[in-house]
Structures are given as C-alpha cells and as structure tokens.
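Residue numbering restarts at 1 for every chain, and letters A, B, ... go by the order of the sequence lines. The analysis underlying the following values was restricted to heavy atoms, covering all of them including side chains, and did not include hydrogens, waters or symmetry mates.
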Amino acid sequence: MAETAGYNIDLPPAMIEGATAIADWTLVWPVALPLFGAAVLLMARKHPHVQAPLALAVIAAVIASCVTLMLRIADTGPVAMTMGNWLPPFGISFTADMLSALFAVTSSVLALVVLLFAQSEIEPREVRYGFHQFLLLLLAGINGSFLTGDLFNLYVWFEVMLIASFGLLVIGGRRIQLDGAVKYGFLNFIGTTIFLMAVGLLYGTLGTLNMADIAVNASRADPTTLTAIAALFLLGFGIKAAAFPVNAWLPASYHTPDPAVSALFAGLLTKVGVYALIRVLVALLPAMRIELDMVIAILAIGTLLLAPLGALAETNLRRALGFIVIGGIGAMFAGIAMSVTTSSGNALAGEGGGIGGAAVYAVHSMMTMTAFYLTAGLVERMTGTTDTRYMGGLYGANAPVSILFIVLAFSASGLPPFLGFWPKLTLVRAGLDAAEYWLVAALLVNAFLTTIACARLWSHIFWRNGREADQTEQPNDRLKPLSARALRWGLAPTIVLVLAIVGLGLWPSALIEYGRLAGVGITAPDAYIEAVGLAGGAQ
Amino acid sequence: MNTVIFRTIAPYLVALMMVFSVFVLLRGHNEPGGGFIGGLIAASALAMYGIASGVSAVRKAIVFHPLSVAGFGVLLASLAGFASLFAEVPFLMGLWATITLPDGTEVAISTPLFFDIGVYLVVLGVLATVALALEEDDRSL
Amino acid sequence: MEHALAALCGVFFTVSIYMLLSRSLIRMLLGITILGNGVNLMIFTVGRLTREVPPIVPDGLVQPATDIANPLPQALILTAIVIGFALFSFLLVLTYRAYEELDADNTDTMRLAEPENPPSPPLSY
C-alpha cells in the first residue's frame, strides 16, 4: 500500500483495533451455522434421509454456541462484534446483551424440540419441498433478529424470518393453509414495511442505524420527531407481536399448518416482535417510551382482557390457543408499559422494572405455548378433529397427554408452582412498585380468564366422556391410539419439554436472575454501548 | 417470438452474455458491477436459452439443478466469512492475498471476491429456478 | 425538491392505503407494491437530496476527489427493493394459488380458516 502514503488519510479513529477473540464468534455461529446448514441441505435435496440428522446436528451446535454466549454475558457483560472492524455508524455490529442471549437460547432449544416433533408427522413430500431448509432459515432469522446490533440489519432478519415462515406455512398445500397464508402474508408484510418506514425516518433524523449509536445520540434530536418515529415502531412491532387491536392475523393463520409448524410460530415469531419493541422503545428511545406510556398501557390492557375472551368463545382447539398466545403478548406489553421509577421517584433500574418480568414472561410464553401447540397436535391426531366439541373422552384413552395438557393449562394461566407463575409475580410486583394499578388489575383478570378458558378446554377434551350435546355421556368411539412413530417422536419430545417447564417452575431462581440481568441491561444500556466501542462518544 | 432468427442467434448471444456476466462480476470490486448484477445477467441468459432451445436443453447444459447452484452460492459466501476466523478478525472481514503467476503478473485474491461469487451463484440459481419453472409451465398450457 | 418528493411520498401512501382497503387481493397486491415504493422513495428523500456525483472513488485515488452523494440510503433502498420484490413475488404466487384452489379473489369469501358463522361456544360446563 505504498501509494496510500501520499494521501493524508487517518483511518484508525474509524477502526476498531485489536484482535478478535475466537470466543466472540459465539455471536455469529447462531446465525451463520443455520444459514450454512440450510445451504448444505439445499444441495442435498435428493437425499431425504440425511436432512433431519444434519439439521439436528446444526441446531445442537447453535444451542451450544448460544449457551456459551449467555454464560459469558452473565459473567462479563454484553459482547459485540463489528463486521470489518469499522466503528459505528459505518460498520454493522452484532451485539448481544442478556435479553438477546436469553431469547436466542430459548428459541434454539425450542427449534430442536420442534424438529424432533416434526419427525412424527412430516410427509416425504414436505421434506422434498424443503421443510428442514426452511426451519433452519427461520432459526437463522430469529437468532439474527435477537443478536444484531443494527436496526436495518434487524429489518433484514425480520424479512428472512418472514420468507422462511411463508415457506413453512404453505408447505403441505392444503386449502385452509392457503387461506391462512394469505392473511398472514399480507398483514405481516405491511407490519415490516411500517417498521422499514420508521427505520428510514430514524436514519434521516439521527444519521445512524447502529443501535448503540442511536442510544448515545437520541437525546440530541427533536423529541417530537422521535416520538412520531417511536409510534411508528410501536405500530410495526405491534403487528408483528399480534397485540390488540392489530392481532387479527394470528388467530386466522396459526391453526392452519402442521402442528409442529404452528408450535414453532406460536412459540417464537410473536416474541421477536416483543423483543424488537423492548430493544427499540426501552433501550434506544427511553424518553419516547415515557411519552407513549399511556398508549402502550392501553394496548396491554386491551390485549390482556380481550384475548382470553376470544379463547373462551372458540371451538377450534388451536385457534383457542392462539388467543392465549395473544394474552401473553398483553402481559409482556404490560411489562414494557411499566415505568422504571417508583411512585416516590426512586429509580428501579437496579431491579430492571417491568422489563425483567417481561423477559421472563417471554421465555415462559415461548416454552409453554410451543408445548401447548405440540400437545394440541397430539390431541388432534388422536381425535381426528380440530373442534373441541367433538373431542371428549380422551382422559380414558390417553392419561399422559391429559396430564401434559393440564400442566400447560396451569402454566399458561400462571398458577403456582408452574413456570407461568413467576413472571406474573415479577410483573405484578413491579407494577405495584411503580403504582400502575390498572395494569396489575388487568394482569390478574387475565390470569383468571385464562384459567377458565384453559380449564374449559381441558374438561371438554379430556374430562367429558363423549362428544357434545346428547352424546355427552356415551364414550367417544372415534378415538385412535397414537402410532409407535407418534409416541417416539411426538409424545417423547413433548414430555421432555413439559418436564423442563415443570423443572423451571420449581427452581426458577436462575431464570429470574437472568431476567433481572436482562431488565437491567435494557434499562441502563451503558455496558451495551461500551461493548460496541462507543463509550467515548457518550456526552 | 420463437423465430428461426432468434433460435439461430440465441446460443451465441447466450455465450456472450455469460462471458459478460463474469466480466461484470469480476469488475465489481472497485467499479460498478458485482455478483448481484452479474447473476442477473447470467440468469437472463439462461432464461433466453430456455425460450430458444427448450427448458430440458438448459437443464442439461447447466448439469446441476439451479437450486443446488444457489445452495452452493450461500455455502461459498459463508465460507468466505468464516475465513476470517483464522486471522483473528471479525466475521466477513476482507482478507487479501497476492499470488504472482510464473510470468510475473500479480493477481489479488480476496475473501470479498469469493463472497461476491457466492452472491452471483445465489442470484443465478434462484432466478434460473423461477425462470425455468415459468417456462416449463408455459409449455404445459 | 424535498418538499416535492415528500408530497409524492404522501401521494404514494394515500394510493396504497386506498388500494389496501379493497377486498380484492389483486388490488391489495398493487397497494403493497406502491406502499413499498413509497417507503423507498421516503428513505431516499430523508437521506438528503444533493446534486453530487455517485460515490465511486476514481481509479488511482484512495478517496473521492469531490463531494459525493450519500451512498447509504441507496444501499438501504437496494436491499429493501430486493427483499420487497421477493416477498411480492411470493404473495403474487400465493394469490394465484388461492384463486385457483379457493376460487376467490375477494377476501370476504375466503372463510376457510375463519368460518363465517362460527358455532356458538360450547355451553356445557
């Protein structure tokens, strides 16, 4: 580079110096490995028997990488890697704090469970159309969304996720899937376009898209403009998260694909919207979140109260569960709406406020709703129908499934000692500390209504002898036992997942501690900014 | 559309377009061009060949299924990113090596080049899949 | 110039929202395309409009000789166009398949996933 000497260019201030440790690569593996695996599987399309083992190996490696990352973050704080070593706002960073790592671990583990469950029902045709490739691509999109430190990059991962989910949604090609996919596709596309709009306006206002850089510079811009942009983010992510009143796409589409696919969607996709909302509104634009507090609180209360009513009125099993997913989104929104200061003005930042509760709730909701949809898949397979009125009598036919269902019902409604109880407790306590009594009341009413909805589902499907109306007392003679394949690949992974939920409910302290760390990391993002290398930029 | 003139000229035009697409791909590092636009040109060449000589002729000519080509492109691009693992720099950081040929010409080989070739193959593979599927569909109507 | 382009963005959004409110899937598709183009135009506009040369460093130099246009919005728009195109093609194929299989272009008649007269909730228990 002799010729550069003639020009006076001072590069070092724009570059990150020093070597990148191999350990930092744990940030990249959760995204790069699934992409890599999807590419290999695409080339091995003609060999259907290698697909599942290869996908399994890739996801296992991703889990190992995510867990290493999470333990490291718990130990030493956020980790960042900036592509090409160009300092923000030039380079694209991958940055992970506790919230990202916690969500990435959970979603990778759930992808593994769903992959195993899928082996119980997948048809050779669906393997040929690329089920495993789409699954890995979806995982790459989800992990990318969690780990990226750049807003436009977040948009790109959202779209990767969206394309992969389109593929999974229509695989199988039943008519009802097409109907569901049309509604899912249009509304989610509009949601991401609104998100893109907000990203563009934020770039125009601040001149940067790096998240840490935005957090540093947000206070310098006109607050009115930023509030409008934050409202656009709220709308875009609200659509992705299926919050009331823009939740219509979820109950219209989640019950249409195969149970494994709908379990994956119910567990993971909406939580990516919640994650992005927490990241943008609480960590990057905290002043704007305070402006929008009231709006978020109203959305949260509406979602909390109306979703379980939808579940009560529904006779389609997986549609009813879809409404319970939405109810959980309301609880997470309540956590976001809670102020991080107490009524007396003391900062709750050390506790993470409602954010810690929302993070733990998201982990609980991912696990519980995935397991719930998987169990619903087993129920549908045994009864041969999707309508809860015609199920009936399953308790006598298969007691283990009924136990799984009731455990998940209690966990989803937040009854102790199951997993759902602890995040609700954290949220209620944070709400009482912050004097947000309406939110607390809505949370409790939601728990009550969800209990009724879930208990009714259980008593209709399992407790009642036979089918609806005059045949109620006659045994249901249409039940089919599970096949050996369904027992090994379907029931076994579900039982393991439910055992994990029970275990986390009995020993929740580690999860709650990680949630608290996540909340602290989000409400006080100094360490996050420092990890990217911008500490000197903060003024 | 499918006239004698077109059918006669198409193979030559296709060859020219393929060469041009590689030229655009290699030119792309410092000047306008690159893998994306090169892949587009190559895919349109294949589509044109499909119109002129039939889809089965194209499939025979490119040997691999276009989707496998796209998969290989993703693989190549991510391998180009992984190369920086061994140089203690971040993912996707550009690494350069200069090779001197026997006659003294210096050729710069870099990971961005392989990344760009990967992009070229992805775009070529995906668009060729779509174009060939559409042309096949046309025939069946 | 910014004002004119901002007004044009407004027109794009108006048209797209009008199209999206239609019940016909084809019109909604057009609306989505126009919405995407409106957003791209908006990103272009908020990236500042200048009469500068393209951001390409001439041969033999290591930095541009004159002021250059901001390349980032263009990169963002290029990415957004490619992604938007992919999603649009998917939705187009999906709409076509839905038209073939469900025999419907009208969202009001697409009621497979959400039956029109849902059964009343179970009354026992």
Side-chain angles (χ1 to χ4, degrees), chain A residues 1 3-4 6-7 9 89 152 155-156 159-160 162-163 166-167 170 173-183 185-186 189-190 192-194 196-197 199-205 207 209 248 251-253 255-256 312-316 319 387-389 455-456 459-460 463-464 468-469 472, chain C residues 9 13 16-17 20 25 28-29 31-32 35-36 38-48 60-63 70 72-73 75-77 79-80 82-84 86-88 90-91 93-104 107 110-115 118-125:
Chain A
M1 292 276 168
E3 56 188 34
T4 45
Y7 300 88
I9 296 177
F152 192 79
Y155 163 76
V156 173
E159 298 288 25
V160 168
L162 196 56
I163 289 174
F166 280 160
V170 295
R174 288 187 300 274
R175 291 175 69 214
I176 190 171
Q177 284 180 290
L178 288 175
D179 188 5
V182 166
K183 289 156 189 171
F186 272 94
F189 193 18
I190 293 173
T192 45
T193 309
I194 291 170
L196 177 64
M197 208 187 286
V199 168
L201 288 172
L202 193 65
Y203 173 70
T205 313
L209 286 171
S253 62
H255 63 296
T256 59
L312 271 176
E314 199 48 66
T315 58
N316 182 313
R319 253 170 84 89
D387 195 325
T388 53
R389 289 172 303 162
R456 253 166 61 104
S459 46
H460 281 139
W463 200 241
R464 180 162 69 186
E468 176 85 359
T472 303
Chain C
C9 288
F13 288 138
S16 76
I17 288 169
L20 280 170
L25 282 182
M28 289 178 66
L29 269 177
I32 281 218
L35 182 68
V39 173
N40 290 337
L41 186 65
M42 194 196 73
I43 297 178
F44 182 65
T45 316
V46 296
R48 307 293 184 270
L61 296 182
V62 292
Q63 66 183 38
N70 184 358
L72 193 74
L76 300 186
I77 292 168
T79 316
V82 173
I83 293 174
L87 286 173
F88 174 75
F90 176 85
L91 285 180
V93 173
L94 187 68
T95 309
Y96 179 62
R97 287 273 291 150
Y99 174 71
E100 276 187 336
E101 296 269 328
L102 311 174
D103 198 24
T107 46
M110 301 177 68
R111 302 303 299 244
L112 269 182
E114 300 169 286
S120 41
L123 298 174
S124 48
Y125 292 95

Per-residue contact mode, [X] against chain C (heavy atom under 4.5 angstrom):
X         : result
Val182(A) : both
Phe189(A) : side chain
Thr256(A) : side chain
Ile194(A) : neither
Phe152(A) : side chain

Is the backbone N or O of Glu101(C) less than 3.5 Å from a side-chain atom of Arg175(A), with the two atoms forming a donor-acceptor pair by type?
yes
Tell me the closest heavy-atom pair linking [X] and [Y], and the distance in Å.
X         : Y         : answer
Val156(A) : Thr79(C)  : CG2-CG2, 4.0 Å
Glu159(A) : Leu87(C)  : OE1-CD1, 2.9 Å
Glu114(C) : Lys183(A) : OE1-NZ, 3.4 Å
Ile176(A) : Ala113(C) : CG1-CA, 3.9 Å

I'd like to know whether Ile163(A) forms a side-chain contact (heavy atoms from CB on, under 4.5 Å) with Phe90(C), so could you lay out the CA-CA distance, the side-chain angles of the two residues, the decisive distance to 0.1 Å, and finally the verdict.
CA-CA 8 Å; Ile163(A) 289 174; Phe90(C) 176 85; over 6 Å; no
Quick check on the interface: out of Leu201(A), Thr192(A), Leu162(A), who has the most heavy-atom pairs with chain C under 4.5 Å?
Leu201(A)
Taken to the nearest 0.5 Å, the spacing of Arg97(C) CZ from Leu178(A) CG works out to 5.5 Å
Nearest 0.5 Å, what's the CG-CG distance between Leu102(C) and Asp179(A)?
6.0 Å
Please look at [X] and chain A and tell me whether the side chain, the backbone, both or neither of the residue comes under 4.5 angstrom of a heavy atom of that chain.
X        : result
Tyr99(C) : neither
Leu29(C) : both
Leu76(C) : both
Ile83(C) : side chain

Taking only residues two or more places apart in sequence, or in another chain, which ones meet Arg174(A) in a salt bridge (charged side-chain N to carboxylate O under 4.0 Å, His left out)?
Asp258(A)
Would you mind reporting whether Leu94(C) and Phe166(A) have side-chain heavy atoms less than 4.5 Å apart?
no
Shorter than 4.5 Å, heavy atoms on both sides: which option in Leu25(C), Ile77(C), Thr95(C) has the most such pairs with chain A?
Leu25(C)
What side-chain donor-acceptor pairs closer than 3.5 Å can you find for residues 40-48 of chain C, not counting sequence neighbours?
residue: Asn40(C); atom: ND2; partner: Gly36(C); partner atom: O; Å: 3.4
residue: Thr45(C); atom: OG1; partner: Leu41(C); partner atom: O; Å: 2.7
residue: Arg48(C); atom: NH1; partner: Gly204(A); partner atom: O; Å: 3.4
residue: Arg48(C); atom: NH1; partner: Val46(C); partner atom: O; Å: 2.7
residue: Arg48(C); atom: NH2; partner: Gly204(A); partner atom: O; Å: 3.0

